[in-house]
Structure formats: structure tokens, C-alpha cells
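Let me begin by presenting the structure, written as C-alpha cells, before commenting on it.
Being a predicted model, the structure only gives us computed values, none of them experimental. To find a chain, count down the sequence lines: A is the first, B the second, and so on, and within it residues start at 1.
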Protein chains: 2
Amino acid sequence: MIRRFRGESLHKVDAKGRVSVPAAFRRVLEEGDPDFSRGSSPNFVIVYGGVRGNCLEGYTINSISKVDKLISKLPRFSKDREMLERFINTQSTYMQLDETGRIVLSHRLKEKIGIGDEAIFAGMGEKFQIWEPKNYQNELNALDSSFENLSEDENPFLKLDQLQD
Amino acid sequence: MIRRFRGESLHKVDAKGRVSVPAAFRRVLEEGDPDFSRGSSPNFVIVYGGVRGNCLEGYTINSISKVDKLISKLPRFSKDREMLERFINTQSTYMQLDETGRIVLSHRLKEKIGIGDEAIFAGMGEKFQIWEPKNYQNELNALDSSFENLSEDENPFLKLDQLQD
DNA sequence: TGCCATCTTATGGGATATCATGGAATTTTA
DNA sequence: TAAAATTCCATGATATCCCATAAGATGGCA
């Protein structure tokens, strides 16, 4: 089975910026790091820029490498490539879990998403997100109300089955 | 894992032109220098010419070799080749990190990109850039706004998935 | 089914190493 | 020989490592 990031949970952020990554997510990060071996700690990547500036996004090494490979196919120095590198590489950082399954969010990262002493981890399949709890709730509410206003043929649930490969 | 240049950070430039290269970048430079051995300091290349005159670009030895090879494939004496050699070979220089992970930017290089006493390092995958902070911010802003004006089928993120191997 | 032993998880505190930066001393070079 | 460049040493801040503990979760077994 290929594990995916699922579920949401709330964690404390201590004075040093340390947060526990949910145990279930750790398993996914381990599977997604080709260099991981039992006894070591998996690496992964956090993207903090991009379109949505209000949360951090965590990717396994494998899934970010996929993106990197695609970007590398674009012509060097092309506008598209520079733009993607800027959003994906410049505004991201390598992370490594520590022995106890934590990462440390630098002052800069905490500031970026307005985090104080708590953080929400939200599984999103191939990636996960880290939110300041209030912002997360707002996001959920916004999502609910925009969903309610959709017409039948805009409903993504209904579109899903038409994509059949 | 093959590390790439990721992330951005701000560093002081002292009166002698010394700047610390971000520690994460040093690891990439070490891996990308075939002659590097533990205890020594990696070499790399800084390109200061090129289309964009407003920043410096740092390449590992391995990745500049890749570019060199590509250039060598162009017909000798062709206009294209002359131009690229001029930009990539003529307007570039070898650099070596010192013991403490710093390089020194000559007066000439600082002038080239308008640097005073601070510099931004920005990871771009196979290369990194060095910017004067204000110029960098302008670049980011320009990027953001040009991104917002893109139509759906110009969006480089969406184009990526069409490249699917 | 209820209880206990064990493992995992989430969290905290203190010690240690690395990083970024500055200044002085020494060498090179023009 | 003065200016520029390089080497060496010093230090505060940050990040990393190591150890500790309490609360859950898990599993075995009577």
C-alpha cells in the first residue's frame, strides 16, 4: 500500500519552535524518502511560498523530486522555469525529523503563517499542510460556503468520475 | 538524495566584501565538486554576466560542466555559441569557500549587482542567485503580479502536469 | 473482559555543536 | 610601501543533540 497523508491534528509549538509531526505522517515521510532506513530520520521538504501564503506545505522527497524533474525538463533560463524554481525551490526548505519525530519551525516560518504556540497538521494526500488554528478554521468555513454555492455541474465530486483514465 | 539549492536567506556583507554562504548551500556545493574531500573547501563558479545583469548566479562544478557540455554541442563559430561562451565562460569566475564558509565579493562583483552591506541568497535548484535585497524584493513582486495576470493555460504550474513523462 | 506490562507518542529541559559575523595579524601585489 | 587580499582567532546566536517523563495506545493473558 502506498500511504497518503490523511487526517488532521493539533500540536504544541514550544519556545524553540519544535513541533511533533503526527505519527501517521511520519510513516508517509519515511516511505517517501529513498534514503530512509530504519533507525534514521526521514528528510522531506517544506514549501512556504506559492500561491497560498497562509500555510506551509510538506512534501516527501519522492513527490518533490517528481516536481523537480518536471521543472528540469523546461528550457534553462526560460521564463516558466525561472518562475517555478522561484516558487518551488526558492520558497522551500529541506527538513529532517529528529529522533522523537519533531521538526523545528524557524522564526521566519512561524511568522510566515502567523503561528504562535499551536499548529494544525492537515493531510492532503500527496502533501500535508501546517496551519495556524484560527486561519485553518477560517479556511474550512470559506470552503464550506463556496461549496454550497456551486451549481450541479461545478460540483467537483460529480466531476471526479468523468476523469476515468 | 541529490540535494538541490533550496530556500532563501539574508546575509551581511562586511567591509572586505566577505559574505557567509548559507550552510545548506555549502552542502550542495560540496556534493557538486568532484574534487571536494572532507576537510577541504569546495570550489564553484559564479556567473555575473548573462541576460539578467541584476544578480549573480552560483553553480556547482558539476552543474556548470553540464552547461559547458551543452554549449559545446553548438556549432563552433556559430553566433549562438559565441554569445553563450561570452556570457557563461567569459563573464564568470571560480570561487572557493574559506574555512568559515564565506566567499569574498570583489568590488567589481558588488558593483555589478548594486550590493551594499547585505545580500540575499536564493536557491534555484541547480543554481543559486545572489541579490541586493531591494532588487530581490522587486523581482519577487514583479513575479507575483505577472503570475496573477496569467491565463489558465499560461500557468506554469498547470503546464507541469502536461509534461508528464 | 478486565488488568497489567510494554511500546509509542507528544512534550519539556539542558548540554553541545554549528553558523554567521567581526576584528586583528599576516601575506601578497601593484 | 601602501592598499588589497588572505589567514587566523574570537564570540554570540541559533540550531541540534541527548536525556527525561507522562499520557495514550497496544497486546497478552488470566
- State, to the nearest 10°, the angle formed by the axis through the first five base pairs of the helix from C:dT1-D:dA30 to C:dA30-D:dT1 and the axis through its last five. 30°

- Message: For B:Asp14, give me all partners under salt bridge (Lys or Arg N to Asp or Glu O under 4.0 Å), at least two apart in sequence or on another chain.
- Response: B:Arg18

- Query: Partners of B:Arg27 by salt bridge (Lys or Arg N to Asp or Glu O under 4.0 Å), sequence neighbours excluded?
  - Reply: B:Glu30

Could you check how far [atom1] of [X] sits from [atom2] of [N], rounded to whole Å?
{"X": "B:Glu99", "N": "C:dA20", "atom1": "CD", "atom2": "C1'", "answer": "16 Å"}
{"X": "A:Asp98", "N": "D:dA15", "atom1": "CG", "atom2": "C1'", "answer": "12 Å"}
{"X": "A:Asn43", "N": "D:dT16", "atom1": "CG", "atom2": "P", "answer": "11 Å"}
{"X": "B:Asp117", "N": "C:dA20", "atom1": "CG", "atom2": "P", "answer": "17 Å"}
{"X": "B:Glu30", "N": "C:dT18", "atom1": "CD", "atom2": "C1'", "answer": "13 Å"}

- What closest approach, in Å, do B:Ile61 and B:Phe44 show between heavy atoms, and which atom pair accounts for it? CD1-CA, 3.9 Å

- Message: I'd like to know whether B:Lys66 forms a side-chain contact (heavy atoms from CB on, under 4.5 Å) with B:Asn62, so could you lay out the CA-CA distance, the side-chain angles of the two residues, the decisive distance to 0.1 Å, and finally the verdict.
- Response: CA-CA 6 Å; B:Lys66 253 195 255 172; B:Asn62 286 340; over 6 Å; no

- For nucleotides 10-16 of chain C, read 5' to 3', which letter fits each nucleotide if B means a protein heavy atom sits under 4.0 Å from the base, S means only the sugar-phosphate is that close, and - means neither? SBBBB--

- Message: For the residue pair B:Glu139 / B:Asn135, report whether a side-chain donor-acceptor contact shorter than 3.5 Å exists.
- Response: no

- Sorted by chain and number, sequence neighbours left out, ring pair (Phe, Tyr, Trp, His ring centres under 6.0 Å) with A:Phe5 holds for A:Phe25, A:Phe128

- Any side-chain heavy-atom pair of A:Trp131 and A:Glu8 under 4.5 Å: no

- Query: Within the structure shown, what part of the strands sits under 4.0 Å from A:Arg27 by heavy-atom distance: base, sugar-phosphate, or nothing?
  - Reply: sugar-phosphate

Would you give me the side-chain donor-acceptor pairs under 3.5 Å for residues 105-123 of chain B, sequence neighbours excluded?
unit_1	atom_1	unit_2	atom_2	d
B:Ser106	OG	B:Leu109	N	3.2
B:Glu118	OE2	B:Lys12	NZ	3.3

